[in-house]
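Quick notes on the structure that follows.
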Amino acid sequence: MKDMLQRWAVSPAVLILRLLAVLLAGLLLVHVAYVVAHPYQIDIIGRTLATGAVALTRGEPVYSAPALAMQYTPGFLVLQALFFRVFGYVPHLWIFIGSLGSITYALTLSAYFWRRAPLITPLVPASLLACLFPVLWPRADLYAVLLLGIGFVVLLEKRAASIAVLLFGLSLFFKQTSLPAIILAAFLGCYDGRSDWRAIRRSISIVGSSVAVFAVLLALYAAATQDSLRDMIAIFSIGRDHPIPATNITYYSMISAALTALPTIALLKSSGGYKFRVPVIALHVFSLPYIIFAAKAGGHWHHFLFPSLAWLWLLGRTSESLAIRDRALALTTIGSLLALLIAGYFQGFGGPVPATAEDQLAGQELATFVANIPPQQALFLDSESGLGLTVGATYRGLSTRYDRGAFEEHMAAGDHVPADLIVQIQSGTIPLIIRRLGRELMFTAYGNSYAPMNQTIKTGYAPCQGYILQFWEVLCSKNDQNIRY
């Protein structure tokens with residue numbers, strides 16, 4: 001062991017790649033700090049999750065009527081609700097909640113590979129930098145990946161199956177899409193080079209126990225809130241109806257192939273590579289669901305973060321057993337880094353957009369307006385992207401029955417919700433419609449048209465008297481006899 005440490009300590013490849021890992025991790029932390037310290041636009045999904053967390057703090061349902069939820073499990077909602085309870089709605093700190101999962105992931109997993117396989121350590125922060133979409137947005141993904149990663153290490157290194165099961169169940173509670181990666185982790189943790197039934201039964205037991213923990217957490221959540229398990233399960237399944245364009249399948253398959261080509265070759269060409277054939281096949285098989293998740297309309301390649309942990313662990317294992325030479329592993333790391341950066345470039349890296357001065361003034365104006373009217377329900381149509389404006393308004397008293405993130409998800413799934421909303425607009429049952437001046441919504445993130453809803457609003461609503469704002473248009477129903485125009 002001492003000889004191994006001495007050999008690694010003087011290896012130029014190790015020194016260079018460790019330095020690169022420190023630089024990439026530092027760049028990630030600087031980028032996160034900059035985003036937290038400056039006003040940035042918050043995408044519609046992050047805003048919908050936050051408004052759901054606000055409703056949770058009020059004891060209102062999130063998944064059951066009259067709420068309209070995203071198809072995400074409630075772990076992140078609970079985390080945000082606890083945060084709002086303690087700090088209130090503070091936009092910068094709210095953004096930091098999303099980034100905290102990324103920072104913890106980067107530091108925890110980098111520290112692990114720094115000790116066990118330093119040559120591949122740069123791939124941990126690089127994977128986050130190349131895929132900033134979930135890193136800097138308030139999202140559940142990185143918390144789910146973080147819990148999965150820690151559970152993965154606990155299972156494979158410490159053989160503590162009970163702790164791993166708890167962490168896997170929590171990962172599912174934050175994001176249900178972690179299930180294929182949990183199956184993969186259980187298989188790798190039980191596979192000992194022989195396809196014996198005992199190992200298969202043990203892996204099935206681990207997965208089943210993890211799902212059971214997840215089910216208990218859901219039941220506890222339902223018991224503590226006004227949401228029913230039946231409504232929650234129905235919401236979780238709406239994503240299955242989203243279209244999967246063939247071009248997207250091809251595109252993300254190519255990205256996956258580019259990212260896994262060098263690791264696959266390195267593992268199979270290593271001394272004793274025959275031992276890794278079955279794990280490598282399993283890695284490719286259980287990566288397929290994440291290609292599909294990414295390829296769905298409105299998807300993104302951040303789903304690849306789930307199976308990436310297994311690839312890194314298997315590379316680290318071959319390095320530790322000296323089955324792969326330092327030079328080959330260093331070349332694999334450098335090649336994979338280039339593939340990540342190239343993929344990130346073509347994906348646009350997915351980072352958030354800075355809020356303009358007009359966005360900030362609009363947010364201040366909306367906050368002042370909401371503070372001076374009675375609490376009531378409203379439909380927000382802010383813009384294609386905004387500054388978390390509806391979250392601030394919701395926190396201050398307005399209730400958003402149809403938040404855009406959830407509305408667009410349901411619309412893409414062919415749900416009846418769009419028709420319900422149009423009926424409510426026609427009947428004038430929504431007291432206020434607040435929309436950003438000069439930024440009429442045209443299409444959803446999935447390509448669905450807002451034209452029918454816009455036309456219905458023009459027919460049934462008009463500007464409210466006395467509500468004259470610089471950045472917002474406040475509309476009231478023409479059927480309301482108590483409103484003058």
- Backbone N or O of Ala21 within a donor-acceptor pair of the Thr121 side chain at under 3.5 Å? no

- Task: Sort out for me which residue in Leu262, Leu123, Ile265 forms a side-chain contact (heavy atoms from CB on, under 4.5 Å) with Thr332.
- Result: Leu262

- Message: Could you measure the distance from the CD1 atom of Ile206 to the CD1 atom of Ile183? Nearest 0.5 Å is fine.
- Response: 12.0 Å

- Message: Any non-hydrogen side-chain atom of Leu337 less than 4.5 Å from a side-chain atom of Leu24?
- Response: yes

- How many angstroms lie between CG in Leu109 and OG in Ser308, if you round to the nearest 0.5 Å? 8.5 Å

- Could you tell me how the ring of Tyr252 sits relative to the ring of Phe304: parallel (under 30°), tilted (30 to 60°) or perpendicular (over 60°)? perpendicular

- Message: Quick check: do Pro74 and Met232 have side-chain heavy atoms less than 4.5 Å from each other?
- Response: yes

- Passing option when Tyr105 is tested against Leu28, Asp141, Ile150, Val145 for side-chain contact (heavy atoms from CB on, under 4.5 Å): Val145

- Query: Okay, side chain of Gln71, backbone of Ala234: is any donor-acceptor separation there less than 3.5 Å?
  - Reply: no

- Message: Any non-hydrogen side-chain atom of Asn248 less than 4.5 Å from a side-chain atom of Lys296?
- Response: no

- Query: Checking Lys175 against Phe76: charged group under 6.0 Å from the ring centre and within 45 degrees of the axis?
  - Reply: no

- Which atom pair, heavy atoms only, marks the closest approach of Leu179 to Tyr290? N-OH, 4.2 Å

- Item | Phe236-Tyr72 aromatic ring centre distance below 6.0 Å | no

- Counting only N and O atoms by type, is there a donor-acceptor contact under 3.5 Å from the side chain of Ser110 to the main-chain atoms of Leu107? no

- Verify side chain to side chain donor-acceptor pair (under 3.5 Å) between Thr264 and His284, making sure each step is shown before the conclusion. CA-CA 9 Å; Thr264 298; His284 281 287; 3.0 Å; yes

- Item | Atom pair CG (Leu172) and OG (Ser178), whose distance is rounded to the nearest 0.5 Å | 4.0 Å

- Note on the structure: Value for CG (Leu20) from CG (Leu15), rounded to nearest 0.5 Å, stands at 12.5 Å

- Item | Any Thr225 side-chain heavy atom under 4.5 Å of Val62 side chain | no

- Would you indicate whether the side-chain heavy atoms of Leu340 and Leu259 approach each other to under 4.5 Å? yes

- Query: Can you tell if the side chain of Pro307 reaches within under 4.5 Å of the side chain of Leu283, non-hydrogen atoms only?
  - Reply: no

